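These numbers were taken from a predicted model, which means no experiment stands behind them. Side-chain atoms are counted along with the backbone in the values below, which use heavy atoms only and exclude waters and symmetry mates.
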Number of protein chains: 4
Amino acid sequence: MGAEIQRKQQLINATIQAIGETGSLDVTVGKIAKIAGVSSALAFHYFGDKEALFLAAMRDILQRYSRDVSAALAVADTPEQRLDALIRANFGTSHFDRGVIAAWMNFYVLAQRSDAARRLLRIYHARLLSNLAHALRPLTGDQARSIALRLSAQIDGIYLRAALNPAGASPEEAAAQVLATLKRELAF
Amino acid sequence: MGAEIQRKQQLINATIQAIGETGSLDVTVGKIAKIAGVSSALAFHYFGDKEALFLAAMRDILQRYSRDVSAALAVADTPEQRLDALIRANFGTSHFDRGVIAAWMNFYVLAQRSDAARRLLRIYHARLLSNLAHALRPLTGDQARSIALRLSAQIDGIYLRAALNPAGASPEEAAAQVLATLKRELAF
Amino acid sequence: MGAEIQRKQQLINATIQAIGETGSLDVTVGKIAKIAGVSSALAFHYFGDKEALFLAAMRDILQRYSRDVSAALAVADTPEQRLDALIRANFGTSHFDRGVIAAWMNFYVLAQRSDAARRLLRIYHARLLSNLAHALRPLTGDQARSIALRLSAQIDGIYLRAALNPAGASPEEAAAQVLATLKRELAF
Amino acid sequence: MGAEIQRKQQLINATIQAIGETGSLDVTVGKIAKIAGVSSALAFHYFGDKEALFLAAMRDILQRYSRDVSAALAVADTPEQRLDALIRANFGTSHFDRGVIAAWMNFYVLAQRSDAARRLLRIYHARLLSNLAHALRPLTGDQARSIALRLSAQIDGIYLRAALNPAGASPEEAAAQVLATLKRELAF
DNA sequence: AATGAATGAGGATTCATTCAT
DNA sequence: GATGAATGAATCCTCATTCAT
């Protein structure tokens with residue numbers, strides 16, 4: 001029982017690591033299993049097929065992200081602090097793990113053909129949007145949703161560039177850009 | 001001679017179409033060749049291997065985009081018109097062709113492991129940035145580059161969402177969001 | 001465990017047979033696998049690639065040959081008997097199996113580009129030479145090695161002709177020729 | 001017309017060279033043609049198919065060998081000189097060209113399935129045998145043919161070893177071994 | 001719960017060969 | 001006489017997946 005959860009987590013971690021090494025989903029289940037230290041048959045036993053394994057990994061990544069956000073929001077008292085926390089949460093160092101980056105990029109690809117992936121992505125988008133809008137409302141009223149939209153898109157765009165160009169902007173600078181945009185929105 | 005160019009273009013178009021149908025690079029060269037109406041051996045004859053074929057397709061997409069941008073800039077007289085043209089050029093209907101979208105998403109994936117892809121992506125990023133900064137300079141002076149950075153990232157982020165969620169914002173609305181951000185930057 | 005050894009041996013036997021049917025290494029792994037009654041994937045699973053499979057087959061042939069030689073030497077008491085046994089061991093009927101002949105001919109070809117094959121061939125040459133020289137020493141002293149050299153080369157040459165020309169000399173006649181040369185060497 | 005002969009010879013030389021570089025017949029006609037500086041289609045035009053091209057190359061090698069033998073015999077006056085010339089002709093430096101060696105090894109392979117190759121090989125064997133026997137007759141009478149058989153086989157066997165082990169015996173030493181055997185036969 | 005053994009299906013790539021020009 | 005263009009047919013090898021144990 002506990003063993004099952006443990007094995008699954010091992011496999012999920014191995015998946016993220018393996019994807020990170022190749023940069024793509026072209027990783028054999030055999031390789032993932034080897035990293036996890038189990039047989040590939042076990043991966044099928046627990047997840048059914050390869051795509052399910054990848055989705056589980058993505059779900060895991062999103063959950064960790066959610067926890068980060070919750071933790072950050074928990075210690076934020078004012079709307080301004082909330083916004084700051086929300087934005088910074090997207091550029092934490094854990095987001096720049098090779099495996100996590102690769103998972104995200106492939107997630108975008110998968111979202112085009114897999115309903116499950118698309119659904120998951122929508123949820124992430126909606127949650128980010130709603131979090132931002134919620135924090136913005138006291139400050140901007142009706143404009144909240146619209147501003148949240150622009151901010152969240154910019155977050156993804158900046159993440160994309162930072163992730164694909166490690167020599168470029170640092171996570172801190174990346175967050176700073178979004179915060180700058182926020183400042184301008186509030187000033188407007 | 002002319003035949004070679006023609007065949008190559010056929011294959012490139014077929015590649016984009018095929019990628020669009022699957023949403024991923026998991027398309028057999030055989031399928032691409034069939035769409036192009038030639039043998040798969042010919043694809044190898046002309047491009048060497050599958051990755052080269054895909055890169056050629058991506059290069060083709062970027063070239064068309066460049067042409068669009070140039071054409072749009074050619075009829076813009078003021079800095080404001082320039083910015084408007086640059087932003088709108090990213091949301092033209094051709095960008096929302098299934099094949100083009102799929103190519104972009106997979107391009108992000110490929111950029112993680114293929115030097116050639118990464119190089120190509122950098123060039124695109126740099127050019128967009130430089131175009132925006134150039135148009136901004138007369139209006140914002142020193143701030144131009146920094147603003148351009150935020151705008152270009154937002155362009156990608158908004159494109160990502162629009163592309164992956166056809167039911168969401170329309171291309172026009174997408175462009176409008178970026179223009180809104182521009183307005184706020186200029187007002188600041 | 002035992003299954004692995006068994007399957008490998010099946011595949012090796014099938015390889016020898018298949019090579020014998022074509023006379024060359026231009027046999028598909030698929031055909032070999034079919035003869036062995038397993039899937040071609042299994043052949044790759046166990047041997048890695050086609051060349052390794054062929055080398056395993058050649059190693060197998062050489063091992064059987066070694067065993068034949070050992071068995072023959074075991075019942076030989078005098079140097080003369082030893083020499084007779086050694087020479088005859090090279091012309092046993094098992095050497096004239098189509099597959100074995102084909103394997104040898106292709107072995108010579110492979111030896112030109114495969115280090116593993118060349119190494120294997122050297123070992124065979126060295127062992128034959130040393131066996132002959134050892135048996136000759138009591139009879140010829142210092143001349144042993146030099147005589148062994150001439151005898152072993154002649155063995156290969158005569159085998160070559162007998163193998164490629166089944167209508168020519170019989171194995172017995174072939175052995176007789178070498179024994180004749182031995183007689184002359186000893187008489188000298 | 002003269003052009004045809006020239007082109008054919010170019011292709012034959014290229015074949016021998018190409019085979020020498022790989023050590024096997026696994027050379028593409030394209031590569032051979034490139035070495036020859038012509039199109040691969042031309043090779044087919046002149047030779048019909050790949051095997052015919054290889055056979056032509058082998059025929060060419062055998063002809064040169066024949067010429068060497070004739071030339072050597074032409075200046076030999078006594079039977080002893082004849083034998084010496086015949087034996088040495090088999091170990092001339094031209095026999096140790098990589099391409100020539102590779103051609104021989106592959107010739108043995110081809111002889112197993114190609115009638116044309118087998119026929120060619122028989123002719124070579126028969127001619128060597130007859131040449132040796134002819135030279136031996138004045139010295140050994142009835143024994144000539146039998147001795148010639150042993151010598152010719154030894155020639156092939158020693159060539160095989162020298163060819164496959166360039167670090168081993170030199171051509172001179174190789175010839176010396178056969179001459180030593182000849183001496184013992186004559187002494188017997 | 002866990003795996004070793006086995007495979008079907010497929011896919012990239014190669015190459016001898018053809019043929020119109 | 002000579003070739004560029006084109007392809008059909010293979011073949012090696014991989015891998016997700018299954019299943020008996």
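- Side chains of A/Gln9 and A/Asn13: a donor-acceptor N/O pair is present below 3.5 angstrom, by distance only.
- Side-chain nitrogen and oxygen atoms of A/Arg7 include at least one within less than 4.0 Å of the OP1 or OP2 phosphate oxygen of E/dA2.
- The residue among C/Val38 and B/Ser40 whose nearest nucleotide of DNA chain E is located toward the 5' end is C/Val38.
- No engagement by C/His45 is indicated, since no non-hydrogen atom pair under 4.0 Å with the nucleic acid exists.
- C/Tyr46 comes within 4.0 angstrom of sugar-phosphate atoms only, judged by non-hydrogen atoms across all strands, and of no base.
- Each of C/Gly37 and B/Thr28 was assigned the nucleotide of DNA chain E with the nearest heavy atom; the assignment lying further toward the 5' end belongs to C/Gly37.
- Between D/Asp115 and D/Arg119, no side-chain nitrogen of the basic residue sits less than 4.0 Å from a carboxylate oxygen of the acidic one, so the salt-bridge criterion is not met.
- With rounding to whole Å, C/Leu25 atom CG is found 11 Å from F/dC12 atom P.
- The side chain of D/Leu42 lies closest to F/dT3, out of E/dA16, F/dT3, E/dT3.
- Distance from the side chain of A/Lys50 is smallest for F/dA16 among the nucleotides F/dA16, E/dG11, E/dG8.
- Between B/Phe44 atom CZ and E/dG11 atom P the separation is 12 Å, expressed in whole Å.
- Each of A/Ile35, A/Asp97, A/Val27 was evaluated against A/Gln17; a single residue qualifies, A/Ile35, per the side chain to side chain contact (heavy atoms under 4.5 Å, CB included) test.
- Remark: E/dA1 base-pairs with no nucleotide; criterion is Watson-Crick or G-U wobble with both hydrogen-bond distances under 3.5 Å.
- Using a 4.5 Å heavy-atom cutoff, the side chains of D/Glu51 and D/Ser114 are in contact.
- Closest to the side chain of D/Ala41, from the set F/dT3, F/dT17, E/dT3, is F/dT3.
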